[in-house]
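Each chain gets a letter, A, B and so on, in the order its sequence line appears, and its residues count up from 1. For clarity, every value in this text was computed on a predicted model and none was experimentally measured.
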Amino acid sequence: MRRSQLFVKTRRQTPADEEARNARLLIRAGFIHKEMAGVYSYLPPGKMVLDNIKQIIREEMNAIGGNEVLMSTLQNKELWEATNRWDDKEVDNWFKSRLVSGTEVGIGFTHEEPLTNALKHFVSSYKDLPVYPYQIQTKFRNELRAKSGLLRGREFLMKDLYSYSRSQQEHDEFYEKIAGAYFKVFSRLGFSESITFRTFASGGVFSQFSDEFQVLSHIGEDTIYVDKAKKIAVNKEVYSDEVQAKLGLNKSDLSEEQAVEVGNIFPLGSKYSDALGLYFTDENGHKQSIIMGCYGIGISRLMGLLAEHFADDKGLVWPVSIAPFKVYLIRLGSSPTVVEAADSAYEQLTRAGVGVIYDDRDASAGEMFADADLMGIPVRVVISEKTLISASAELKLRTSKEPQIVPAQALAQTLEKQLQN
RNA sequence: CGGGGAGUGGCGCAGCCUGGUAGCGCACCGCGUUUGGGACGCGGGGGUCGCAGGUUCAAAUCCUGUCUCCCCGACCA
């Protein structure tokens with residue numbers, strides 16, 4: 001993409017109405033726009049980051065048998081009454097509205113009910129199970145207080161997968177499988193297993209207990225106890241002697257840490273399937289309950305955490321896997337030779353499939369360098385009179401101080417090699 | 001919802017205490033000069049000072065109410 005065709009602009013100054021580093025950087029770099037507290041829009045580069053995160057999640061979900069669906073946002077009250085989750089006393093963060101006729105509708109904060117209900121049309125035999133539908137979409141929760149930029153919003157992007165299994169054992173096996181897939185997702189996003197912990201926690205409105213995936217971070221609003229050797233963690237909220245014994249932990253091996261919950265998986269048993277009347281017939285012709293689980297990943301929250309985690313005093317520093325563009329191409333100078341060389345470098349990279357943003361503005365050098373840094377693009381390439389003397393281009397990684405000079409003709413190949421690492 | 005802070009051109013701020021012609025920087029427009037770390041000169045456009053009442057000859061400024069944003073807490077996926 002040519003920079004001149006990108007409508008967003010970066011800002012020199014930090015927005016006054018944000019305290020959180022993730023929101024400050026993402027707004028300054030032109031990735032998001034704040035609509036109101038806890039509600040953000042995603043601008044072109046921000047949407048690209050979101051799409052990259054989604055794609056990684058999608059690949060890992062598909063790899064374990066997930067089927068992607070898109071669920072409705074408007075929710076039928078009757079389904080939620082069937083599971084006793086409509087009443088504000090049961091779920092206090094519903095957004096609700098009314099049809100012109102006066103009928104109440106909900107605005108989806110999760111989707112167990114409608115999905116389970118829809119599956120009644122497709123699941124009746126043991127041969128139809130297990131199934132693993134999942135969705136990637138906006139959820140709405142009426143938080144008392146939104147905060148920390150993208151980390152706690154009233155409207156946020158989430159991946160939710162729901163499992164429907166024939167037995168507890170089949171469920172348990174999948175539950176472990178998806179836990180493994182989650183670690184793959186987080187590690188591909190840049191959160192290694194050394195800072196990401198599966199954490200024993202409460203199940204909230206979903207179930208008694210759950211497993212959270214917590215990434216250690218000083219901005220985290222959760223406090224967890226971690227046994228780093230055993231790679232087990234417990235949320236402080238549920239910590240008790242009983243839990244300690246159940247997990248085989250030793251108080252002296254635990255360290256207290258702040259962490260951000262990026263994923264949460266819940267065993268649901270047959271609570272929702274039974275309530276909504278979703279059953280299957282087994283090999284012997286007997287009606288059986290279906291064991292469910294639900295598995296969430298906070299996608300917009302992850303984007304916020306990534307921005308928070310991968311940044312320095314100059315701006316964002318995206319991991320290659322999710323950067324909106326891999327290369328920020330800078331054209332220094334406006335003489336015909338420079339323009340021609342930069343245009344051709346742009347074409348070369350685009351043809352090679354390397355995502356590139358080409359700064360073709362007539363801006364000052366410093367401004368373009370500052371933008372490349374602020375936007376956190378992994379590789380910066382400069383074409384100037386100076387580099388053209390030796391038919392080369394200057395290449396600098398966002399994470400390194402020193403640039404390198406590479407032959408302009410071999411730009412694409414060199415970059416492909418660099419981006420591998 | 002309790003406590004604290006803040007709303008003044010698109011952005012960042014000053015002015016408010018002590019009422020009297022709304023100001024600065026950035027961004028934007030025009031002309032010219034510049035071009036390896038957020039260039040410079042000259043000229044220009046843009047704001048019912050969050051909103052509503054009140055006090056006053058006169059309100060960005062004082063008073064009351066209200067909305068919004070941020071932080072802490074409570075709560076929460």
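The CD atom of A:E394 sits 9.5 Å away from atom CD of A:E402, with the distance rounded to the nearest 0.5 Å. Separating the CG atom in A:L302 from the CG atom in A:L50 is a distance of 10.0 Å, to the nearest 0.5 Å. Here A:E18 contributes atom CD and A:K34 contributes atom NZ; the two are 3.5 Å apart, rounded to the nearest 0.5 Å.
For A:D373 and B:G37, the CG to P distance is 13 Å, given to the nearest whole Å. Put simply, CD1 on A:I330 is 13 Å from P on B:G38, counting in whole angstrom units. Going from atom CD of A:E19 over to atom P of B:G12 covers 13 Å, rounded to whole Å. The interatomic distance linking A:R12 (CZ) with B:G38 (P) rounds to 9 Å, in whole Å. Protein atom CZ of A:R24 is 14 Å distant from nucleotide atom C1' of B:C11, rounded to whole Å. One interatomic measurement links the two molecules: CE of A:M368 to P of B:G37, which rounds to 11 Å at whole-angstrom precision. One atom, CD of A:E367, and another, P of B:C26, lie 13 Å apart when rounded to the nearest Å.
If you take atom C1' in B:G3 and the same atom in B:G15, they sit 29 Å apart, rounded to whole Å. Atom name P, nucleotides B:G32 and B:G46: the rounded distance is 24 Å, in whole Å. Here the separation of B:A39 from B:C26, taken at their P atoms, is 11 Å to the nearest Å. As rounded to the nearest Å, B:G10 and B:C49 have P atoms that lie 13 Å from one another. Comparing the same atom, C1', in B:C76 and in B:U55 gives a spacing of 45 Å after rounding to whole Å. Taking atom P in both B:U18 and B:U64, the straight-line distance is 15 Å, to the nearest Å. Annotation: B:A52 and B:G2 have their C1' atoms spaced 26 Å apart (nearest Å). Atom P of B:C17 sits at a distance of 25 Å from the matching atom of B:G12, rounded to the whole Å.
When both distances must be under 3.5 Å, the Watson-Crick or G-U wobble mate of B:C76 does not exist. Of the nucleotides present, none pairs with B:U55 by Watson-Crick or G-U wobble criteria with both distances under 3.5 Å. Nucleotide B:G9 has no partner under the Watson-Crick or G-U criteria, as no pair reaches both atom distances under 3.5 Å. Across all strands shown, B:G43 forms a Watson-Crick or G-U wobble pair, both distances under 3.5 Å, with B:C29. In this structure, B:G37 makes no Watson-Crick or G-U wobble pair, since no nucleotide meets both defining distances under 3.5 angstrom.
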- Reading nucleotides 72-77 of chain B 5' to 3', which nucleotides get B (base under 4.0 Å from a protein heavy atom), which S (sugar-phosphate only), which -? BBB-BB
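Not less than 6.0 angstrom separates the ring centroid of A:Y164 from the ring centroid of A:Y132. Checked against the 6.0 Å centroid threshold, A:Y346 and A:Y358 count as a close aromatic pair. Aromatic ring centres of A:F310 and A:W318 lie farther apart than the 6.0 Å criterion allows.
Looking only at side-chain heavy atoms (C-beta outward), A:V69 and A:Q135 come within less than 4.5 Å of each other. The shortest distance between side-chain heavy atoms of A:L43 and A:I32 does not fall below 4.5 Å.
At the heavy-atom level, A:T110 lies nowhere under 4.0 Å from the strands shown.
Considering only residues two or more places apart in sequence or on other chains, A:F200 meets the ring-ring contact (aromatic ring centres under 6.0 Å, His included) condition with A:F209. Applying the ring-ring contact (aromatic ring centres under 6.0 Å, His included) test to A:Y279 and every residue at least two apart in sequence or in another chain returns nothing. Under the ring-ring contact (aromatic ring centres under 6.0 Å, His included) criterion, A:F369 pairs with no residue at all, not counting sequence neighbours.
The base of B:G38 sits within donor-acceptor range of the side chain of A:R28, with an N or O pair under 3.5 Å. Side-chain atoms of A:D17 and base atoms of B:G7 include no donor and acceptor less than 3.5 Å apart.
In this structure, A:K236 forms no cation-pi arrangement with A:Y225, as its terminal cationic atom is not both closer than 6.0 Å to the ring centre and no more than 45° off the ring axis.
Listed by residue number, A:K34, A:M36, A:A37 are the residues of residues 29-52 of chain A with a heavy-atom contact under 4.0 Å to RNA chain B.
Within the 3.5 Å criterion, the main-chain N or O of A:A410 finds a donor-acceptor partner in the side chain of A:T414.
The 5' end of RNA chain B is approached more closely, in terms of each residue's nearest nucleotide, by A:P15 than by the other of A:P15 and A:E18.
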Considering only nitrogen or oxygen atoms on both sides, find all protein atoms under 3.5 Å from nucleotides 34-36 of chain B and state each distance.
| from | atom 1 | to | atom 2 | distance (Å) |
| --- | --- | --- | --- | --- |
| B:G36 | O6 | A:S384 | OG | 2.3 |
| B:G36 | N1 | A:E394 | OE1 | 2.9 |
| B:G36 | N2 | A:E394 | OE1 | 2.4 |
| B:G36 | N2 | A:E394 | OE2 | 2.8 |

